[in-house]
Amino acid sequence: MTSTARRRPYGVRNAPYGFLLPPAVLFVLFFALPIGYAVWLSFRKVRVSGLGLGSGARTEVWAGLQNYTEALTGGELLHGALRVLGYGCIVVPVMLGLALLFALMLDTEKVRLASFTRLTIFLPYAVPGVVAALLWGFLYLPDVSPFSYLLGELHLPWPDLLDGGPLYLALSNIAVWGGTGFNMIVIYTALRAVPAEVYEAAKLDGCSPLQIALRIKIPMVAPSLVLTFFFSIIATLQVFNEPTTLKPLTNSVSTTWSPLMKVYQDAFGRGDIHAAAAEAVLVALATLVLSFGFLRAANRRSRQEGAR
């Protein structure tokens, strides 16, 4: 057979590029271009001449790093980041701890109504974040909360969950209630993929269910725990729905409580789209650095354990 006969037709050789073209076009239009436009806006600002009236009074000029400098030295963005850090220190360990606990409980042999229990735990994740925040917000209000009525009947005080330190617990509760089910499904799916022979061998060696969970199940699902932790970190840095929805119910949540709320306020409240673009780029860079650093540390630890 000659080399010409063995040569594939032109259309067959280029078929993979045809399949890649639609997602590549969508990636460029809806991901790469918006990011590039936001970066371009972050290096510009509006210069106002005179009273700012008339045509040509407001012109867009090059600002360099001025928007970034103001965002980092203004204080509000950094204060919002510190608030989100405290919020994340509550949400991430509690949510992943409960998800792991529920997954281990559902993976036991004597569990009953496993399908119903799985659906019940996962169901809050299907509730939109704004709806969940409204639901819990009204449950926190003493005037309309049924829990406040029950505590009143018992002559017990109702804590103000929307003020001061308890506000972090109130916001964290909404995130934990909505996100535990998704993380539980991810971990439970990884548990079901573990071969049954591993558990049988452990039982023959005299391991108890607790020992099997601690020494076999949890190490086997470590990649899933890394994945859920990665997703949780990103979701925590981008928290927006919960504090924004609870803001009309309390004065403790400002318009710049979280970094994304600061971006929204500058873009649509103050009309400074250039400062908002710089802040959005900073939030994206922080997310990228933390995510990349965590994944790199996790991969390094996995390689060290594999080399032992």
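For the atom pair NZ of Lys262 and CD of Glu76, the computed distance is 5.0 Å after rounding to the nearest 0.5 Å. Atom-to-atom distance recorded for Gln265:CD and Glu279:CD is 10.5 Å, nearest 0.5 angstrom. Between the OG1 atom of Thr250 and the CG atom of Asp160 there is a distance of 7.0 Å, given to the nearest 0.5 Å. Remark: Thr189 OG1 to Asp107 CG distance equals 10.5 Å, nearest 0.5 Å. Rounded to the nearest 0.5 Å, atoms OG1 (Thr180) and CG (Leu98) are 5.0 Å apart. Considering CH2 of Trp136 and CG of Leu161, their distance stands at 10.0 Å, rounded to 0.5 Å.
Judged purely by atom type and a 3.5 angstrom limit, Tyr87 has no side-chain atom pairing as donor or acceptor with the backbone of Thr236. Using modelled atom types, one side-chain atom of Arg83 and one backbone atom of Thr256 make a donor-acceptor pair closer than 3.5 Å. Between the Thr108 side chain and the Met105 main chain, a donor and an acceptor come within less than 3.5 Å of each other. The main-chain N or O of Asn183 is never found under 3.5 Å from a side-chain atom of Thr228 such that the two would form a donor-acceptor pair. Counting only distance, with no hydrogens or angles, the side chain of Gln211 and the backbone of Ser208 share a donor-acceptor pair below 3.5 Å.
Under the 4.5 Å side-chain heavy-atom criterion for Ile, Leu, Val, Met, Phe, Trp and Tyr, Leu225 and Ile185 are members of distinct hydrophobic clusters. Cluster annotation: Val239 and Tyr168 are assigned to the same hydrophobic cluster (Ile/Leu/Val/Met/Phe/Trp/Tyr, side-chain heavy-atom contacts under 4.5 Å, transitive). When the side chains of ILVMFWY residues are joined at heavy-atom separations under 4.5 Å, either directly or via intervening members, Ile187 and Ile218 end up in a single hydrophobic cluster. Using a 4.5 Å cut-off between side-chain heavy atoms of Ile, Leu, Val, Met, Phe, Trp and Tyr, with links allowed through other members, Val283 and Tyr37 fall into different hydrophobic clusters. Residues Leu119 and Leu113 do not share a hydrophobic cluster, clusters being chains of Ile/Leu/Val/Met/Phe/Trp/Tyr side chains in contact below 4.5 Å.
Proximity of Ser232 to Met95: side-chain heavy atoms (C-beta onward) are separated by under 4.5 Å at one or more points. Counting only heavy atoms from C-beta outward, the side chains of Leu100 and Leu104 approach each other to under 4.5 Å. The side-chain heavy atoms of Val253 and Leu167, taken from C-beta on, include a pair separated by under 4.5 Å. Looking at heavy atoms from C-beta onward, Leu162 lies in side-chain contact with Leu141 at the 4.5 angstrom threshold. Here the side chains of Ser291 and Ile234 are in contact, with some heavy-atom distance below 4.5 Å. The closest side-chain heavy-atom distance from Val46 to Thr59 is not below 4.5 Å. Annotation: side chain of Arg112 is not in contact with side chain of Thr117 (no heavy-atom distance under 4.5 Å). Leu246 is listed as a side-chain neighbour of Ile174, based on a closest heavy-atom distance under 4.5 Å.
The two residues Ala38 and Ala277 make their nearest non-hydrogen contact at O-CB, 3.4 Å. In this structure, Trp177 and Ala132 approach most closely via the heavy-atom pair CZ3-CB, 3.7 Å. Of all heavy-atom pairs between Ala170 and Tyr140, the closest is O-OH, 2.9 Å. Considering all non-hydrogen atoms of both residues, Leu249 and Phe138 come closest at CD1-N, 4.4 Å. Nearest heavy atoms, Met184 versus Arg118: CE-O, 3.9 Å. In terms of heavy-atom proximity, Leu191 sits nearest to Tyr199 at O-OH, 3.7 Å.
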Test side chain to side chain contact (heavy atoms under 4.5 Å, CB included) applied to Ile212 and Lys217, step by step: CA-CA 6 Å; Ile212 292 176; Lys217 292 186 176 182; 4.1 Å; yes
What do the steps show when you test Phe294 against Phe230 for ring pair (Phe, Tyr, Trp, His ring centres under 6.0 Å), and what is the final call? CA-CA 8 Å; Phe294 171 73; Phe230 176 70; 7.1 Å; no
Would you check, one step at a time, whether the test side chain to side chain contact (heavy atoms under 4.5 Å, CB included) holds for Asn173 with Leu169? CA-CA 6 Å; Asn173 175 66; Leu169 298 178; over 6 Å; no
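Ring centroid separation for the pair Phe43 and Tyr68 comes in under the 6.0 Å cut-off. Aromatic ring centres of Phe122 and Phe182 lie farther apart than the 6.0 Å criterion allows. Between Tyr264 and Phe240, the distance separating the two ring centers is shorter than 6.0 angstrom.
Under the 3.5 Å distance criterion, with hydrogens and angles disregarded, no donor-acceptor pair is assigned to the side chains of Ser42 and Asn67. Judged by distance alone, the side chains of Tyr149 and Asp143 never bring a donor and an acceptor atom under 3.5 Å apart.
When the shell of 6.0 Å around CG of Asn251 is examined, it contains 12 or fewer heavy atoms from other residues, nucleotides or ligands.
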